Amino acid sequence: MHELKLLSQGEVMMKIELRRATREDTDRIVSLLEDTKLPAADPADDITVFFVAEESGKPVGIAGFEFYGSDALLRSVAVRPGLQRNGVG
């Protein structure tokens, strides 16, 4: 797990923790993808790995990568709509 401290435009300190998503995160990932109007089909398939950014245990962003051997494709990056343009992404 990695920790970032961000200062938003409103000078509010945010403590963001980054971690690899687990199967238990699937519903929250789908919800965030839908909230940001991104495709939410099969986020838990075997080739996609998601990372979750959290503040106080609540997801504020995600990033998904599809792996093909030694290559990876950036699948999705999403930030909770109320936090966009504040340095979270």
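In this text, all values refer to a predicted model and were calculated from it rather than measured experimentally. Throughout, residue positions are numbered sequentially from 1 according to the sequence presented.
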Output the distance between atom CD (Glu66) and atom CG (Asp71), rounded to the nearest 0.5 Å. 12.5 Å
Here the gap from Phe50 atom CZ to Leu33 atom CG, rounded to the nearest 0.5 Å, amounts to 5.0 Å
Closest heavy-atom pair and its distance - Ile16, Val60: CD1-CG2, 3.8 Å
How far does CG of Leu73 sit from OG1 of Thr48, to the nearest 0.5 angstrom? 9.0 Å
Side chain proximity check, Asp27 to Ser31, heavy atoms < 4.5 angstrom: no
Are the charged groups of Glu54 and Arg28 less than 4.0 angstrom apart, N to O? yes
Does the side chain of Ile62 come within less than 4.5 Å of Phe51's, by heavy atoms? no
Please find the pair of heavy atoms, one from Pro59 and one from Val52, that lie closest to each other, and give the distance. CB-CG1, 4.1 Å
Nearest-0.5 Å distance that lies between atom CZ in Arg75 and atom CG in Leu38: 9.0 Å
